[in-house]
**Q** 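One structure, pasted below without further comment.
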Protein chains: 2
Amino acid sequence: MIVLKLGGSAITDKDRAETLDGEALESASDAIATALEASAEPGNPNLVIVHGGGSFGHANASDHGVTTTEGSHDIDAVHDIHGAMKTLNGFVLSRLIERDVPAVPVHPFSTASRDQSGRLELPTGQVETMVSEGFVPVLHGDLVSHAERGVTVVSGDELVAELARALEADRVGLCSTVPGVLDDDDVVIERITTLEGVADVLGESESTDVTGGMAAKVAALLDLDAEATIFGLDELEAFLAGERPGTTVY
Amino acid sequence: MIVLKLGGSAITDKDRAETLDGEALESASDAIATALEASAEPGNPNLVIVHGGGSFGHANASDHGVTTTEGSHDIDAVHDIHGAMKTLNGFVLSRLIERDVPAVPVHPFSTASRDQSGRLELPTGQVETMVSEGFVPVLHGDLVSHAERGVTVVSGDELVAELARALEADRVGLCSTVPGVLDDDDVVIERITTLEGVADVLGESESTDVTGGMAAKVAALLDLDAEATIFGLDELEAFLAGERPGTTVY
């Protein structure tokens with residue numbers, strides 16, 4: 001089982017509101033379709049995809065002041081943010097289906113919730129059944145209902161971590177705008193085993209991102225039982241073929 | 001807690017593919033908005049809505065040969081049927097939101113699944129959290145992933161029954177095209193306590209309905225702990241105000 005994250009910044013233009021990076025998304029979809037055709041069991045891809053929000057989710061969430069901890073009860077906020085993420089999800093699905101990837105949507109707002117402490121409850125029986133039936137579930141960063149706070153953001157990275165645990169994923173892939181985690185000389189760090197070792201090189205991402213930058217990603221990946229790999233779009237096909245491009249966090 | 005079903009035939013033209021009964025939906029939305037404004041706790045409606053498929057879901061499911069037991073692995077079937085139901089859900093939500101009902105979508109395909117025996121697994125933590133935060137979740141008849149069968153249909157009625165049980169609903173309302181269950185002289189039967197007593201008057205519905213007609217509805221309602229009431233659109237406001245119009249099944 002592979003859980004693959006398509007970074008929001010990798011498939012959208014993060015600096016322009018609700019703008020797709022069409023070329024990048026086509027390229028990612030090509031790589032996924034090629035990998036599934038080439039896999040040992042083409043009818044049973046055992047793949048779950050999660051995509052981030054990029055310029056669809058983050059700008060809307062920011063406008064309404066909603067984060068992973070700051071909630072809202074405003075119905076317009078719910079529909080703007082959730083609606084934008086569903087629009088992006090529709091774009092991702094259509095590109096995959098055009099290439100015969102049996103992709104199906106799973107909207108986290110429809111299934112997940114948070115308790116008062118913020119702990120995410122994410123049912124995964126539907127995802128497991130979809131995968132076992134040969135479908136490729138496609139989730140996305142979204143809003144979730146949150147006890148005493150209305151709705152808050154759930155990031156794609158948090159969903160990836162929860163799915164990897166619940167589905168006992170073998171591999172987690174984070175397809176990003178960069179070829180991996182870079183050191184001070186912009187060279188890809190091949191392996192990360194502790195956050196302390198790389199804390200000085202992990203800054204904040206430059207665009208609006210309500211769900212944290214690379215440091216948050218690495219911290220979440222270190223917590224996983226699965227081996228996680230961060231790589232650029234060019235290496236997606238290699239990752240899906242079993243290689244370890246970019247940075248491996250374990 | 002009230003679980004309200006808006007029958008697919010009550011809000012769509014069941015004999016014309018993907019055609020809304022706009023006037024009926026406006027009228028239902030008016031009644032719901034009025035009832036929420038008049039309720040003792042206007043900010044906490046404690047209401048969950050489920051709508052059927054009518055001419056959006058049933059025709060598409062029928063075209064693809066998908067029922068509650070006959071499954072499909074065809075990705076086009078998934079997107080046609082699920083897509084049509086999401087379109088209808090969007091229409092229902094927009095009418096409610098226009099009237100300041102804090103309605104939010106819950107797509108069953110994103111959360112529910114069936115095991116090999118066909119048993120429905122429907123997580124409800126998200127619905128409970130939405131309701132406790134003052135939102136009105138709006139679910140709908142849909143597809144669900146089904147072990148060994150791909151996807152099958154889940155009817156609005158099955159969702160109503162599951163929700164009523166899981167949420168320990170006090171009342172269940174089925175808003176239909178008829179003023180209640182009718183006897184052979186077309187007079188509304190006020191109370192039904194066993195299926196046998198009314199078996200002879202419960203025929204199949206006249207239009208395409210992959211999820212069973214009135215007999216299936218009544219049988220499911222008799223199984224509930226909650227009191228269930230079947231009534232016509234004209235009586236929706238009365239039902240939400242606490243009255244028992246039409247037929248009560250208990």
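Just so it is clear, the structure is predicted and the values come from calculations on it, not from any experiment. Because only heavy atoms are used, hydrogens play no part in the values below, and waters and symmetry mates are left out as well, while side chains stay in.
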**Q** Report the option among His79(A), Gln126(A), Glu128(A), Glu121(A) that has the most heavy-atom pairs separated by less than 4.5 Å from atoms of chain B.
**A**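 Going by pairs under 4.5 Å, I would pick Gln126(A).
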**Q** Rounded at 0.5 Å granularity, tell me how far CD in Gln116(B) sits from OG1 in Thr129(A).
**A**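 Rounded to the nearest 0.5 Å, the CD-OG1 separation comes out at 10.0 Å.
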**Q** Within residues 159-173 of chain B, which positions have a heavy-atom distance to chain A below 4.5 Å?
**A**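 Within residues 159-173 of chain B, no residue comes under 4.5 Å from chain A.
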**Q** How about residues 96-110 of chain A versus chain B: which residues have heavy atoms under 4.5 Å apart?
**A**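 The residues closer than 4.5 Å to chain B, in numerical order, are Ile97(A), Pro102(A), Ala103(A), Val104(A), Pro105(A), Val106(A), His107(A), Phe109(A), Ser110(A).
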**Q** Side chain, backbone, both or neither: which part of His146(B) has a heavy atom under 4.5 Å from chain A?
**A**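 The backbone, not the side chain.
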**Q** State whether the number of non-hydrogen atoms from other residues, nucleotides or ligands found under 6.0 Å of Asp225(B) atom CG is greater than 12.
**A**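 Atom CG in Asp225(B) is not crowded, with 12 or fewer foreign heavy atoms closer than 6.0 Å.
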**Q** Under 4.5 Å, counting heavy-atom pairs only, tell me which of Gly125(A), Ser113(A), Gly71(A) racks up the most with chain B.
**A**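 Top option by heavy-atom pairs under 4.5 Å: Ser113(A).
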**Q** If you draw a 6.0 Å radius around CD in Glu70(A), do more than 12 non-hydrogen atoms from other residues or ligands fall strictly inside?
**A**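 For Glu70(A), atom CD is not crowded (no more than 12 foreign heavy atoms under 6.0 Å).
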**Q** Is it true that the side chains of His73(A) and Glu133(B) contain a donor and an acceptor less than 3.5 Å apart?
**A**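 A pair is found: one side chain offers a donor N or O, the other an acceptor, under 3.5 Å apart.
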**Q** Distance from Met130(B) atom CE to Ser145(A) atom OG, nearest 0.5 Å?
**A**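 So the CE of Met130(B) and the OG of Ser145(A) are separated by 4.5 Å.
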